[in-house]
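To start, the structure under review is shown below, and the notes come after it.
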Amino acid sequence: MREIETGMEGMPHPIPRTVEEVFNDFKGRRSGLIKALTTDVDKFYQQCDPEKENLCLYGLPNETWEVNLPVEEVPPELPEPALGINFARDGMQEKDWLSLVAVHSDSWLLAVAFYFGARFGFGKNERKRLFQMINDLPTIFEVVTGNVKQLKDQSANHNGSSKSKSSAKSRQSEPQGKMVKMSPPSKDEDESGEEDEEDDEQGATCGACGDSYGTDEFWICCDICERWFHGKCVKITPAKAEHIKQYKCPSCSSKRARV
């Protein structure tokens, strides 16, 4: 006999037992929460009256949502959403309030999914597969704040073979133009078309001590004269380099000062 969960709205829902069933439950609840915070936002806003008692936003497996009081049973059958979301409604900018509710909704969805996983004895591989399936979806916070496209663009740029020379910020194993040197590039980076650039840098010598380039050393390039320097020779550490937008070597800095 299949166990049945009675939702807040009184409709019965089969209790998910497999990774796929838990993921489908997650997707249904997630869709309902996204509707509440986007297409149904006016209705959701009105229901979250600060004059009422502690209210919670529930996402339901059938892709609907509801604002309701928390369950009275202790402990509850399922993890409960954030309590009292209505009290913050008039004390914050609406977009900030919706973002806050979205973050708590994301946390609740994960709690529910892994509650089922724990209840029905998911092993390490099952938990890993469930999280990977969940992680492939944008979070509710990303959807509500409109950061989904921006995050995809950043991912695409990160995977590309850009050779920007706009800054001297430090990066591990990603030599790009005037970027500082931390370690030799990986094979993937060689295959992405950065090997020609690396060949140019292999012949570089330190503008301070004159020693040749070494892949196991920290290097930084001056944005003015385009000469490379050992970090230790110009007293720049990787941590300092992270906060330098445009690096000027001591020579270029002194010339600028004299002018």
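Please read all numbers here as calculations on a predicted model, not as lab measurements.
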So do the side chains of Y58 and V67 get within less than 4.5 Å of each other, counting heavy atoms only? no
Calculate, to the nearest 0.5 Å, the distance between atoms SG and OH belonging to C222 and Y247 respectively. 7.0 Å
Donor-acceptor pairs under 3.5 angstrom involving side-chain atoms of residues 95-113: please list them, not counting sequence neighbours.
from	atom 1	to	atom 2	distance (Å)
W97	NE1	I85	O	2.9
S99	OG	K95	O	2.8
S105	OG	V101	O	2.8
D106	OD1	I140	N	2.8
D106	OD2	I140	N	3.3
D106	OD2	F141	N	3.0
S107	OG	V103	O	3.2
W108	NE1	P79	O	2.8

Got a second to check how far N125's CG is from Q132's CD, nearest 0.5 Å? 9.5 Å
Taking D223 for the side chain and Q246 for the main chain, is one N or O donor matched with an acceptor at less than 3.5 Å? no
Check for me whether R89 meets the cation-pi criterion with Y45, that is, NZ or CZ under 6.0 Å from the six-membered ring centre and within 45 degrees of the ring axis. yes
I'd like to check C249 versus C225 (side-chain heavy atoms, cut-off strictly below 4.5 Å). Are they in contact? yes
Flag, side chain of R29 to backbone of P61, donor-acceptor distance under 3.5 Å: no
With heavy-atom distances below 4.5 Å as the criterion, would you say the side chains of I15 and R119 are in contact? yes
Can you confirm whether C221 sits close enough to R227 that some side-chain heavy atom of one is under 4.5 Å from a side-chain heavy atom of the other? no
Can you sort out the partners of N24 under side chain to side chain donor-acceptor pair (under 3.5 Å), two or more places apart, ordered by chain and number? none
Atom CD in E66, atom CZ in F44: separation rounded to 0.5 Å? 12.0 Å
Are F87 and L57 connected, step by step, through hydrophobic side chains (Ile, Leu, Val, Met, Phe, Trp, Tyr) whose heavy atoms are closer than 4.5 Å? no
More than 12 heavy atoms of other residues, nucleotides or ligands under 6.0 Å from CZ of F114: is that the case? yes
Donor-acceptor pair, Y115 side chain versus E77 backbone, under 3.5 Å? yes
If the condition is side chain to side chain contact (heavy atoms under 4.5 Å, CB included), which residues does E63 pass it with, not counting sequence neighbours? S31, K35
How would you list, by chain and number, every residue that makes a side chain to side chain contact (heavy atoms under 4.5 Å, CB included) with L83, sequence neighbours excluded? N54, C56, P70
Value rounded to 0.5 Å, distance of CZ in F229 from CH2 in W219: 9.5 Å
Looking at E73, I want to see if its CD is surrounded by more than 12 non-hydrogen atoms of other residues, nucleotides or ligands under 6.0 Å. yes
CD1/I134 to CG/L130 distance, rounded to the nearest 0.5 angstrom? 4.0 Å
Suppose the criterion is salt bridge (charged side-chain N to carboxylate O under 4.0 Å, His left out): which pairs have a residue in residues 129-140, not counting sequence neighbours? E20-R129
Give a yes or no answer on whether the side chain of E126 reaches the backbone of G123 with a donor-acceptor pair at less than 3.5 Å. yes
Would F120 and V22 satisfy side chain to side chain contact (heavy atoms under 4.5 Å, CB included), going step by step from the backbone distance to the final call? CA-CA 11 Å; F120 296 111; V22 172; over 6 Å; no
In Å, rounded to the nearest 0.5 Å, how long is the span from CD1 of I34 to NZ of K27? 12.0 Å
If you compare all heavy atoms of I236 against all heavy atoms of F218, which two are closest, and at what distance to 0.1 Å? O-CE2, 3.0 Å
I'd like to know if the side chain of E142 and the backbone of P138 have a donor-acceptor N/O pair within less than 3.5 Å. no
Looking at every heavy atom in both P50 and N86, which two are closest together, and how far apart are they? CG-O, 3.4 Å
By salt bridge (charged side-chain N to carboxylate O under 4.0 Å, His left out), E94 pairs with (sequence neighbours left out) none
Would L78 and L69 show up in the same hydrophobic cluster when neighbours are defined by side-chain heavy atoms closer than 4.5 Å? yes
Quick one: does any side-chain atom of Q46 pair with a main-chain N or O of K43 as donor and acceptor, under 3.5 Å? no
